[in-house]
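Everything on this sheet refers to the single structure shown next.
Here is the naming used below: chain letters follow the sequence lines, and residue numbers restart at 1 for every chain. Treat the numbers as computed from the prediction; the structure is a model and nothing was measured.
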Amino acid sequence: MDKTYQPANIETRWYQEWEEKGYFAPSGEGQPYSIMIPPPNVTGSLHMGHGFQEAIMDALIRYHRMKGCNTLWQVGTDHAGIATQMVVERQLEVQGVSRHDLGREAFIEKVWDWKAESGGTITRQLRRLGSSLDWSRERFTMDPGLSAAVQEVFIQLYKEGLIYRGQRLVNWDPALHTAISDLEVISEEEQGHLWHFKYPLSNGEGHLVVATTRPETMLGDTAVAVHPEDERYAHLVGQTIDLPLTGRQIPIIADDYVDRDFGTGCVKITPAHDFNDYAMGQRHGLDMINILTDDANLNDEVPEKYRGMERFAARKAVVDDLDAIGLLDKVEDHTLKVPRGDRSGVVIEPYLTNQWYVDAKTLAKPAIEAVENGDIQFVPKNWENTYFAWMRDIQDWCISRQLWWGHRIPAWYDDAGNIYVGEDEASVRADNNLGDDIALRQDEDVLDTWFSSALWTFSTLGWPEDTEDLATFHPSSVLVTGFDIIFFWVARMIMMTVHFRKEVPFHTVYVHGLVRDSHGAKMSKSKGNVLDPIDLIDGIDLESLVTKRTAGMMQPKLAKKIEKQTRKEFADGIAAYGTDALRFTYYSLASTGRDIKFDVGRIEGFRNFCNKLWNAARYVLMNCEEQDCASDHDNYELGLADRWIISRLQETEAEVEKAIANYRFDLASQAIYDFVWNEYCDWYLELSKPVLWDDNASDAAKTGTRRTLIRVLEATLRMAHPLMPFITEEIWQKVASLAGQFGSTIMTQAYPECDDKRIDTFANADIEWLKGVIVGIRNIRGEMNIAPGKELEVLLRNGDDNDKNRLDQNEQYLKKLAKLSSIRFLNEDETAPVASAALVGDLEILVPMAGLIDKYAELARLAKEIDKLENDVKRVEGKLGNSSFVDRAPAEVVAKERDKLASQQQALEKLRQQQQELQKL
RNA sequence: AGGACUAUAGCUCAGUUGGUUAGAGCGCUACCUUGACAUGGUAGAGGUCCCCAGUUCGAAUCUGGGUAGUCCUACCA
């Protein structure tokens, strides 16, 4: 083995082998365990969020596979309608071609080409992460099988009346020319203005003042509303206004939606361009005048002057014109929420169109129940509240999109406007007895991407066919996802699955936090703080990183800033840390919080951890290879250290198991880290040396030590494998046979489980004693600046029989680990030399000072210790002096405090004696 | 406006049903190439557990109020 851990040499090699050998496929035996990957965009690339999420899922999958489950991790990608179409349109734009120039069919072909070209990127990257996905079952939301499922669902929901077509206001994206759902609209506060206009009363007796943030919509006003109990205007209700610039007369109506205290208490009503006004228009039977085109330019419903104007130009024109005729009352600064499309970033228009809707309220009911009755559980549980809150107030879901890339809606229209829904034109004709003389045209629109995603857990398993995979792997075991798509995806999956399968899509939803940069900011291209998981694995030099982060930046100023920032933060680029270190970092961050702040500094620590494990293995192999490790006989003996580390391994196994059961990967990784580094390496390997290197030690003891070294290492590798698959496999291959384990891969070995019988509390206590003595001596050595190489003669005083026994049995350990030339108890009649002392319980450990230790340094050290103890004693004395504590606290708590006080007082007494003796000198 | 979450060491975070000497990693200080590892070893420094009040014998932990921050949902023109 190399002296240092070199991940690049092992990772891709092992992944290829695993995949070729088919280890990722379900075994066909055992309890089914399945996870459906949240399908990434087929033309996308891996980001930190993916990396985190895949790491979690892979750990769960590998863990259950090793536990003997029939494990399926279903892989696949999403066609991501809008996102993908936009990318291809942008590529065409560079060539000066629009999708309309190409026409629908040719354009879709281009998209398929692009999918073929770039579609492998993310799946290649998933492999780099070590994800043990069953690639033989890879699916795509637009492949024939899944498309059939989509069609089936649409047709059936239509027949049940749960999908309908309707004309109403939708969120219209004027850049993308499509409707989008409420969830795809992001509203954020922006600085704007509030314009106050005078609307003259038709009777010539003055005017009303209305305020608006969108002056141009006044051209579509069909009423002015006041509050029904507003005395200022009560007498005007029923009268009309001469709507300026239009020549139209519009009524003054009363509606209690109006807030009397806002502005003047008069509101202009534009039913065709505002959701609240729309509702009011319906209540009052107002006209709806659509004044916009698909591009959000003004249409022919407005006076000639404004026709064809862009909406913001029209705004200015309307304001200027009203001002010119003296009807602009005033303009105020005003912050308002501006709705923008999450993809296009342009301001969304409420726009009157025909769209397809899903009756979400009906579907939501059983979906809510599935969570209420515990069939589905969220982890952490509080996300259920978020789910309920949204589901109980759910709005119908607009599922049609005016795009070309996606599942085309299976609906046909005749010239009379009748709607026919069916598999294809032929079946529609057949089902409805439509002759060839009746012209049919198919709906131009496609379905929201999330419509097909909602079917993901069962469509990937072959539905609507009644497959064995469905019977075996559905419902899936757990969904691993971020809270950002609980509404987009999780809720809709539950609705669709419960409706069509009469069972839940998954039993558990594990909701993890979102990966952010080290300061907690969202990672985004425009902020220039994006990290690519692959760069953390392979490393990247500074220049490449700068180029990558600033590529395709529209604003040169921004690019400059990002470059500066990047050069500062990554002056030396990013080192190659390897997949296992990256994954371990993810796990360590996977606690219950909502934000996961990713600091590159952390990954280095875990790369070092990999190196630690690597070198521990080197040490073990060095001592075990071609040696008797008792792999096939019982002729060995386990010493204290052996029994202790075996015991600690059991406890760690139990801890890891519990952590994984609770989706606490931070605790699982912590337990493994701690065991490997702080116990196995720091103590056990050191404790093995005095045995292996002692000529007086018996062969049976040496064999027992070697056996323990190799077997604990081997079990640790299995324990850690789900979290760090590559390094564990690489080492395991070299270690397994020495530990009496056989197999072609660690992947399918049994996961180690805690054996209570091997938890040895006596060994634990003895080792704690041993550590106490060693640490006590090391502490004196460190504090007193005694050269590390200087061997000490240590004396013990005041111990009981237990201490004496322990000394007898551990003398070799003590000498080696604390660097002692001798250690013995003082005889009864022997006076102790001047010494520096440490305490382990009642036992005093004396390091003679002669020639080694400065009196005043030791006095200072003692003073510090005494001070600390005095405080402790005071606190406990206070507690025990409080009669209500003694009376009311449980007896065992009181007893514990008494014991504590007694031993503290004793220790204090000894240290004070020590202090006095020293002072006399 | 309603709701959720967060506040613990310089930084990032653990802390299980109230009883711990409040922990870890990174960073920091001193010493050390000792035969697995300097991607290392040994020792050490560092905390008013956001603030106030309450419950309790006892609060980082429970309750109420406040402050600060983050986010979600809805939205007043």
Can you tell me how far OG1 of Thr386(A) sits from CE of Met391(A), rounded to the nearest 0.5 angstrom? 13.0 Å
Classify Leu667(A) by what it touches in the nucleic acid, base, sugar-phosphate, or nothing, heavy-atom distance under 4.0 Å. sugar-phosphate
Classify the nucleic acid contact of Asn779(A) as base, sugar-phosphate or nothing, counting any heavy atom under 4.0 Å across all strands shown. sugar-phosphate
Beyond-backbone contact of Leu709(A) with Leu685(A), side-chain heavy atoms, under 4.5 angstrom: yes
If you check every side-chain atom of Arg778(A), which of U39(B), C5(B), A43(B) has the closest atom? A43(B)
Assign Arg888(A) to base, sugar-phosphate, or nothing according to its heavy-atom contacts below 4.0 angstrom with the strands shown. base
Flag side-chain contact, heavy atom, 4.5 Å: Gln395(A) against Lys361(A): yes
Counter-base of C26(B), judged by Watson-Crick or G-U geometry with both distances under 3.5 Å: G10(B)
Taking the minimum atom-to-atom distance to the side chain of Lys900(A), which one of C13(B), U39(B), U21(B) wins? U21(B)
Would you mind pulling out the nucleotide paired to C31(B), Watson-Crick or G-U wobble, both distances under 3.5 Å? G41(B)
Could you tell me whether Asn385(A) contacts a base, only the sugar-phosphate backbone, or nothing, with contacts defined as non-hydrogen atoms closer than 4.0 Å? nothing
Among G40(B), G44(B), C76(B), the one nearest any side-chain atom of Trp677(A) is G40(B)
What nucleotide among G19(B), U12(B), A36(B) has an atom nearest to a side-chain atom of Lys689(A)? A36(B)
If you look at every strand shown and take non-hydrogen atoms under 4.0 Å, does Phe275(A) touch a base, only sugar-phosphate, or nothing? nothing
Looking at C71(B), which nucleotide sits across from it as a Watson-Crick or G-U wobble partner, both distances under 3.5 angstrom, or is there none? G3(B)
Check every strand shown and say whether Thr386(A) touches a base, only sugar-phosphate, or nothing at a heavy-atom separation below 4.0 Å. nothing
Given the P atoms of U17(B) and G41(B), what is the spacing between them in whole Å? 34 Å
Under 4.0 angstrom, heavy atoms only, what part of the nucleic acid is Arg392(A) near: base, sugar-phosphate, or nothing? nothing
NZ or CZ of Lys689(A) within 45° of Tyr619(A) ring axis and under 6.0 Å: yes
Could you work out which one of G44(B), A36(B), G19(B) sits closest to the side chain of Glu783(A)? G44(B)
For Lys3(A), which contact category applies under a 4.0 Å heavy-atom criterion: base, sugar-phosphate, or nothing? sugar-phosphate
Atom CD of Glu188(A) to atom C1' of C72(B): distance rounded to whole Å? 13 Å
So if I take every side-chain heavy atom of Lys597(A) and compare against C13(B), A43(B), G15(B), which nucleotide ends up nearest? C13(B)
Taking the P atom in each of C71(B) and C13(B), what is the distance between them to the nearest angstrom? 15 Å
Using the C1' atom as the reference point in each nucleotide, state the distance between U67(B) and C51(B) in Å, no decimals. 7 Å
At under 4.0 Å between heavy atoms, what does Ala389(A) touch on the DNA or RNA strands: base, sugar-phosphate, or nothing? nothing
P atoms of C5(B) and U20(B), separation to the nearest Å: 28 Å
Searching all strands shown, indicate the nucleotide that pairs with A60(B) (Watson-Crick or G-U wobble; both distances under 3.5 Å). none
If you check every side-chain atom of Asn382(A), which of C13(B), C75(B), A4(B) has the closest atom? A4(B)
Using a heavy-atom cut-off of under 4.0 Å over every strand shown, decide if Trp693(A) touches base, sugar-phosphate, or nothing. base
Shortest side-chain distance from Ala889(A), nucleotide among A4(B), G19(B), A77(B): G19(B)
Between Tyr257(A) and Ser518(A), who's closer to the 5' end of RNA chain B by nearest nucleotide? Ser518(A)
Remember a base hit wins even if backbone is also touched, and classify Cys681(A) as base, sugar-phosphate or nothing at under 4.0 Å, heavy atoms. base
Tell me: CG of Asn785(A) to P of A43(B), nearest whole Å? 14 Å
Which part of the nucleic acid, if any, lies within reach of Asp393(A) when heavy atoms closer than 4.0 Å are counted: base, sugar-phosphate only, or nothing? nothing
May I have the distance from Leu792(A) (atom CG) to U42(B) (atom C1'), rounded to whole angstrom? 13 Å
Please state whether the phosphate of G40(B), meaning OP1 or OP2, lies under 4.0 angstrom from any side-chain nitrogen or oxygen of Lys612(A). no
Nearest to the side chain of Asn615(A) - C57(B), A36(B), C75(B)? A36(B)
Under 3.5 Å, is there any donor-acceptor pair linking the side chain of Glu686(A) to the base of A36(B)? yes
Distance check, C1' atoms only: A9(B) and G19(B), in whole angstrom units. 24 Å
To the nearest angstrom, the CZ-C1' distance between Phe598(A) and C13(B) comes to 15 Å
In whole angstrom, give me the gap between the P atoms of A38(B) and U42(B). 14 Å
Between Phe584(A) and Tyr587(A), what is the ring plane arrangement, given parallel below 30°, perpendicular above 60°, and tilted in between? perpendicular
Within the supplied structure, the quantity of interest is the number of heavy atoms (other residues, nucleotides, ligands) at a distance under 6.0 Å from Lys734(A) NZ; does it exceed 12? yes
Distance, nearest 0.5 Å, that separates NE2 of His519(A) from NZ of Lys527(A): 11.5 Å
Using the P atoms only, state how far A43(B) lies from A24(B), rounded to an integer number of Å. 12 Å
Would you mind reading off the distance between Lys864(A) atom NZ and A43(B) atom P, rounded to a whole angstrom? 13 Å
Could a donor-acceptor pair under 3.5 angstrom be found where the side chain of Arg594(A) meets the base of U6(B)? no
With heavy atoms under 4.0 Å as the rule, sort Lys337(A) into base, sugar-phosphate or nothing. base
If you check the Arg618(A) side chain, which of A36(B), U12(B), U42(B) turns out closest? A36(B)
Has the side chain of Arg607(A) got a donor or acceptor that lies under 3.5 Å from a partner of the other kind on the base of U39(B)? yes
Answer yes or no: is there a side-chain heavy-atom contact under 4.5 Å between Tyr5(A) and Leu613(A)? no
For the pair made of CZ in Arg875(A) and C1' in G19(B), what is the distance, rounded to whole Å? 12 Å
Might you work through the salt bridge (charged side-chain N to carboxylate O under 4.0 Å, His left out) test for Glu858(A) and Arg861(A), ending with a clear yes or no? CA-CA 5 Å; Glu858(A) 173 61 6; Arg861(A) 190 185 72 93; 3.0 Å; yes
Residue whose closest nucleotide on RNA chain B lies nearer the 5' end, Asp666(A) versus Arg781(A): Asp666(A)
Tell me the interatomic distance from Asp517(A), atom CG, to U70(B), atom P, rounded to whole angstroms. 14 Å
Separation of the P atoms in C76(B) and U61(B), to the nearest angstrom: 42 Å
Whole-Å distance between A77(B) C1' and Lys198(A) NZ? 19 Å
Heavy atoms only, 4.0 Å cut-off, all strands: where does Lys819(A) land among base, sugar-phosphate and nothing? base
Salt bridge Asp872(A)-Arg875(A), side-chain N to carboxylate O under 4.0 Å: yes
